[in-house]
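Okay, structure first, notes after.
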Amino acid sequence: MTRVKQVAFFFDSSSCSGCKACMMACRDKNEWAGENPWRRVYEVTGGSWVQIEHYWENNLFAYHLSLSCNHCEKPICVEVCPTRSMRKREDGIVYVKTSTCIGCRYCEWACPYESPQYDRNQGKMTKCDFCLDLIDDDKPPACVAACGLRALGFGEKHELVEKTVFQKQFQPLPDVEITQPSLIVNPHRDADPAGRKTIQEKRTK
Amino acid sequence: MKKDHLSLVLFTILVQTAVGMLLMLGLVKLFLKDELGFQVVEGLLGRGLPVVLILLLVSMTLSLLHLGSPINAPLAILNLGRSWLSAEISFTLFTTLTSGCLLVLRLFRPGLSMINDYLLIGSCICGLLLIVSMIRVYCLRTVPSWNNKWTWIQFSKTTLLLGTLAFCAACLSGASISLLIRPAMSIVILMLGIDLTQSLIQNRNNFLPKAGMKLFSDSRQSRLGIALIGSGVIPILLFWAGPSSISGRITDLLVFTALGITLLSELKNRRLFYLSYESLGISVSIHEQYQVNN
């Protein structure tokens, strides 16, 4: 059986330091305005003080998540766009055909990853297109090339899934079954699900 | 509230009023023709159809204001097979076109009653499909605060409530008042009952961040106060007094006041609806985490 081609991002949360080089490289390459970040780096924090018999210990944690469009296998933005401006290529990349976009922002409402960004100057939606020009030249996307810690990568989704300790659910992202995002995450040890482990559970690991 | 949402609030409310009114005209024409008589029904249609058409045209113009590139607006019907937004826009066009054709035919070829009837049924069906597709636009599987039965109830209730009051304000006069004012006010009072029930139940289990709950609760209370006057006190007074005991001018004044106050209440309600947007995404997860860890 031939497998449908689908490119995907790989993100290693355990080695990301949150330096935002990926974000800056994306901005340099794609020239998006400050209010329309195509790639964002989130810091997920949590934990509190826990009483263990006669003393207190904390289970605080922090980890990062670098997120752009996940070029979902079932992209809801493509489904809801009234003008068919949101399109999915044969290799699975989701992009906006800006010449036909009406700027209704319905895709912005629908996307659970806040990927489509509204450009007020153009009056149209913009989003990560996986650096289409670079991909077509067999080069990595700007964000992947800029990651000094090699926390970001890309490749064929099924190959990445086979190579990685693939975690389906990763806090704070929504259920993958909703849109089937092409984002393969090697999770941080505290991210399953974030902040809900007790300190005793962590110790027994 | 974002400026972009204001045009959507006005668009949805005006379209629902127009469709509600169209449905009332259709019901009267198809089922009460014999009781009311040909002349009275024709009079109702003659006064009602221009109002429906004006409401639809104004709302379509308003809907363009929230677009970033309105010049591309005609392309919005291209994804009819998959996108409910495309369907909503298409059915708005179909409803406007059929209502417009009906109005033109009635003015220039009044003898074609059979074609007029079919056109009226056609516009009512298009109007119903428009309301269904409008509801489905907001029932996104990634937006749990909208993707529930309350969106269906709220949009249907607004259609019937404002449609009935607009029908009474624009069309009823003389003989038609005596026959239709009580059934119309019954519908309005029933819709108020649904509104109150929805507000009481939905307030308890709404999918909203805790920080926003108080604001919503306060706004809901003030809106319900307005709704009680517009769709409760005045319609009850009109129902109780009936057509004969108060003069026509006072009846007109009361109906217009009820419509104005109810319109205000529904605009506030729709604004709250848009403010309740909460995507099943990163923001919700962070709220959940905030609750877990504090």
Side-chain angles (χ1 to χ4, degrees), chain A residues 40 42-49 59-61 65 67 74 76-86 97-115 118-126 169-175 177-179 191 193-197, chain B residues 2-5 7-8 11 63-92 133 136-147 274 276-294:
Chain A
R40 304 163 302 280
Y42 293 94
E43 185 183 58
V44 186
T45 59
S48 64
W49 289 94
N59 61 359
L60 303 178
F61 66 89
L65 168 67
L67 193 70
K74 290 198 293 185
I76 193 165
C77 55
V78 175
E79 184 186 318
V80 301
C81 177
T83 59
R84 293 187 180 167
S85 298
M86 284 284 177
K97 190 184 173 196
T98 45
S99 61
T100 55
C101 176
I102 54 172
C104 65
R105 305 176 73 169
Y106 192 37
C107 50
E108 191 186 14
W109 275 354
C111 175
Y113 303 101
E114 300 170 14
S115 282
Y118 182 65
D119 184 337
R120 288 194 182 274
N121 296 326
Q122 286 189 72
K124 291 170 191 290
M125 299 310 295
T126 60
Q169 214 52 55
F170 177 77
Q171 285 287 337
L173 298 180
D175 189 343
E177 290 306 320
I178 299 169
T179 58
R196 293 186 193 182
K197 284 177 187 165
Chain B
K2 286 182 184 171
K3 195 182 81 182
D4 312 323
H5 287 167
S7 60
L8 286 177
F11 167 73
S63 73
L64 293 176
L65 296 179
H66 91 282
L67 300 180
S69 304
I71 196 132
N72 285 341
L75 303 175
I77 55 170
L78 289 181
N79 203 5
L80 194 55
R82 291 183 77 189
S83 169
W84 282 107
L85 183 56
S86 228
E88 182 197 350
I89 294 158
S90 305
F91 285 121
T92 310
S133 49
R136 294 302 299 262
V137 163
Y138 295 95
C139 288
L140 288 163
R141 64 176 186 272
T142 51
V143 185
S145 57
W146 289 350
N147 187 21
Y274 281 105
S276 74
Y277 168 83
E278 191 72 77
S279 165
L280 191 65
I282 295 157
S283 53
V284 171
S285 301
I286 287 170
H287 284 306
E288 278 178 359
Q289 206 176 339
Y290 180 82
Q291 286 169 7
V292 168
N293 293 314
N294 286 275

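Chain letters run A, B, ... following the sequence lines, proteins first, then strands; residues in each count from 1.
For A/Ser99, the part lying near chain B is the backbone, with the side chain staying farther off; criterion is any non-hydrogen pair under 4.5 Å. Interface residue B/Leu67: backbone and side-chain heavy atoms are both found under 4.5 Å from chain A.
The candidate from A/Thr100, A/Leu65, A/Leu67 with the greatest count of non-hydrogen atom pairs under 4.5 Å with chain B is A/Thr100.
Checked against side-chain hydrogen bond (donor to acceptor under 3.5 Å, both in side chains), A/Arg40 has the following partners two or more places apart in sequence or in another chain: A/Tyr42. Scored by the ring pair (Phe, Tyr, Trp, His ring centres under 6.0 Å) test, B/Tyr138 finds A/Trp109, B/Trp146, B/Phe155, B/Phe273, B/Tyr274 as partners (sequence neighbours excluded). With sequence neighbours left out, B/Arg141 forms a salt bridge (charged side-chain N to carboxylate O under 4.0 Å, His left out) with A/Glu79.
Of the possible polar contacts, one joining the B/Thr142 side chain to the A/Ala110 backbone as a donor-acceptor pair under 3.5 Å is found.
Closest approach of B/Ser279 and A/Pro112 over heavy atoms only: OG-CA, 3.7 Å. In this structure, A/Ile102 and B/Ala73 approach most closely via the heavy-atom pair CG2-N, 3.7 Å.
For residues 74-83 of chain B, heavy-atom neighbours of chain A at less than 4.5 Å comprise B/Leu75, B/Ala76, B/Ile77, B/Leu78, B/Asn79, B/Arg82, B/Ser83, sorted by residue number.
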Side chain to side chain contact (heavy atoms under 4.5 Å, CB included) between B/Leu280 and A/Ile178, intermediate numbers included: CA-CA 10 Å; B/Leu280 191 65; A/Ile178 299 169; 3.2 Å; yes
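The distance from the CG atom of B/Asn72 to the OG1 atom of A/Thr83 is 7.5 Å, given to the nearest 0.5 Å. With rounding to the nearest 0.5 angstrom, the OG atom of B/Ser69 is 8.0 Å from the CD atom of A/Gln122.
In this structure, B/Leu140 and A/Val80 have side chains that are in contact, with non-hydrogen atoms separated by less than 4.5 Å.
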